[in-house]
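A quick write-up on the structure given underneath.
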Amino acid sequence: MTPLLAEAGRIQGGWSYVWTAYGLTWSALALYALSLWLRRPRKEP
Amino acid sequence: MALKRTTWLAVAALLIAGGALAFIALGDLGSNLVYYWTPAEMLDAGSKAYGATIRLGGVVQRGTIAWDSGHTELTFRVANDMTPTAKNVLVRVRETPPQMFREGIGVVVEGTFDKSQVFTSNRLMVNHSNEYRPPKPGEGDRWKNTLSSDTTSSARPK
Amino acid sequence: MSAGRPPSLLGATWVLVRKDLLLEWRTRARANALVFFALATLLLFSFALGPDTTILRRAAGGTLWLAILLASVLALGESFRVEQENAALDGLRLAPADARALFLAKSLANALLLMLLGAVILPVLAALAGVTLVQGPGPMAVVLVLGALAIAGPGTLYAAISSQARARDVLLPLLLFPLLIPALVAAAKATSLVFEGDPMLQFQSWLGLLAGFDLVYWSLGFVLFPRVLED
Amino acid sequence: MTHALFTVVGVAVVGGGLYALVRGPASWRAGVAVLALVLLVSGAWYGLVQAPPDREMGNVQRIMYVHVPAQWMALMAVTLNFLCSVAYLFRPSWPKDALAEASAEVGLFFGAVGLVLGSIWGKPTWGVYWSWDPRLTSEAILLVAYAGYLALRRFIDDAERRAVWSAVVGIIIAVDIPIIWFSVRWWRSLHQMQSSPSTVDPDMVRALRWNAFAFLALWLVFLSTRYLIARARTEREMAPPPMVAEAAT
């Protein structure tokens, strides 16, 4: 067994994927909230 | 009266639609139009499986993972299940496997099978079970041996 | 019973199918345009995929069905535009016939047109891509019939909606294409199995999927079509 | 039995909450939005810090805490769209139409977010961003179909026709919903089957639940706000033109 195989089976690190995922979620939620705010019904057009 | 006939026709049509949907879902289609073949199914097809692009799914057999001297080519055996006698196929991959790749995990490989009984693949995907657990303290690597093979979706009953 | 009895569902369907086919036969303009459009699509695919015949042969099933699908958008849109000239659709609505008969008739006429189109462009595709019907003409005919029904059923329903909307030429494919993906996959795979042989015996299953798709969407269209025409 | 009871209570609470947010003053929606923000921040702490890393996926497994709730919310929204479409055809009313429009858009939003998150999660675990697996394919089809549905709503000017026709299209699209949910059971796929609390560590279940409630609160705010936008538009369309209104006064 090579040393690489002994480590295999478990993902090392990978925080970049996690931060991408969470950052994407937050910005998508914020953008959608913003779009709803911009489209809000107003009394007088 | 006319309304009754209309309703009856609508109910009949909806029943047909539901029946057809159930047929698509539960009929024998699922076992045939598969996302991947198991090693046993592919071997049973014999020479007819040669040359076509196929997805092959199963579990990595214990003690069969080997790299060539230059560490560029990976070979291992994909088996139907974790029993030592399960039907299996030798797979050759030239790609770095995902980090979760190990003995006993479910994999799906895309490639071609040929007369020499080697499956040459250019796309290796690892398939995760629906279990999520943290490592227990002091457990070390032992979970790799205790994880039962039926948690990987490739060993799931059809 | 009395003289004012409305015609039966199937009777009305038959009359309407004959009307549509007669209309088609008298002008033949639509069918001709469709055939030329589909042939042009086949040629474009052949150029886009390059001169490599192995690639062309492998893609032949998909090419055939994409050509039929793209042509069908024209055919479906046209089949309701015809009715809007001289407000013929309003006339049909006033007739004592069931709206569902209109759905069955329109879908059937469109399906027949698409089957004919497939049969015409098939030899051209065979010549361009160098394929032969390894499984024989019988299975190919079955695929063509089931595939044409799959496009025509939901296609007629959506064409009835989009023909009365703004930007109808954009709307019909936008609605129809995602819905048809399973049918397109099944028809294309079944066709390539006819062209290249069927090592894993999947042909029956793809046909089953296609038939199930037909039944689901024809039934839903049958139930929902009257709501599309009312008001 | 407890499962059925839980479902009934859950549907009643969510439905009641939605009703209250739609009917109540704007301050209620703002309040739930603040609550959602608090839940989301604490949920991120649970998911990123407090929950343990998975023995196989390591830290990458933390993507589950946003991917799974997003998909649940998408599924709830599109199911709501189906129910509104059927209800509208049986007994037309403007609130049903507005709720159908709101749920389609919110469902498309959460579905798209969930699909992208799943794709990011897929790269380190499966080894690929995308695969034509039954689950992934059927969800992609559903999202494109709802994009078509929303386009249809934009392209029809007559409010009544828009309502009827989009209800018809909503029902036809809904055929895909059960296929997505059951695809991992019916067919072999790369995507794993649904997890249950028995296959997930309790610490992870807590983080998942916390985030699910955060997403649910956001879902309620989004849906009610979008509903009010849709209602305001139909009301504007139904209102008599200004000249007529002036003549009447």
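Just so it is clear: chains get the letters A, B, ... in the order the sequence lines come, proteins before strands, and each one is counted from 1.
- Interface remark: of the candidates Pro124(D), Ser131(D), Pro134(D), Pro52(D), Ser131(D) forms the most heavy-atom pairs closer than 4.5 Å to chain B.
- The CZ atom of Phe101(B) sits 15.0 Å away from atom OG1 of Thr125(D), with the distance rounded to the nearest 0.5 Å.
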When you look at Leu21(B) and Val175(D), which way does the side chain to side chain contact (heavy atoms under 4.5 Å, CB included) test go after all the steps? CA-CA 8 Å; Leu21(B) 198 59; Val175(D) 173; 3.8 Å; yes
Which is it for His191(D) and His128(B) under the side chain to side chain contact (heavy atoms under 4.5 Å, CB included) test, yes or no, and what are the steps along the way? CA-CA 8 Å; His191(D) 195 287; His128(B) 189 262; over 6 Å; no
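- When heavy atoms are compared at a cutoff of 4.5 Å, Val128(D) approaches chain B solely by way of its side chain, counted from C-beta outward.
- In this structure the side chain of Ile105(B) reaches within 4.5 angstrom of the side chain of Glu56(D), judged on heavy atoms.
- The OH atom of Tyr132(B) lies 13.0 Å from the CG atom of Asp201(D); values are rounded to the nearest 0.5 Å.
- Contact annotation for Met57(D): both backbone and side-chain heavy atoms come within less than 4.5 Å of a heavy atom of chain B.
- Side-chain contact between Pro98(B) and Lys123(D) is absent, with no heavy-atom pair separated by less than 4.5 Å.
- In this structure, Phe213(D) places its CZ atom where only 12 or fewer heavy-atom neighbours from other residues, nucleotides or ligands lie under 6.0 Å away.
- Other residues, nucleotides and ligands place more than 12 heavy atoms under 6.0 Å from the CD atom of Glu110(B).
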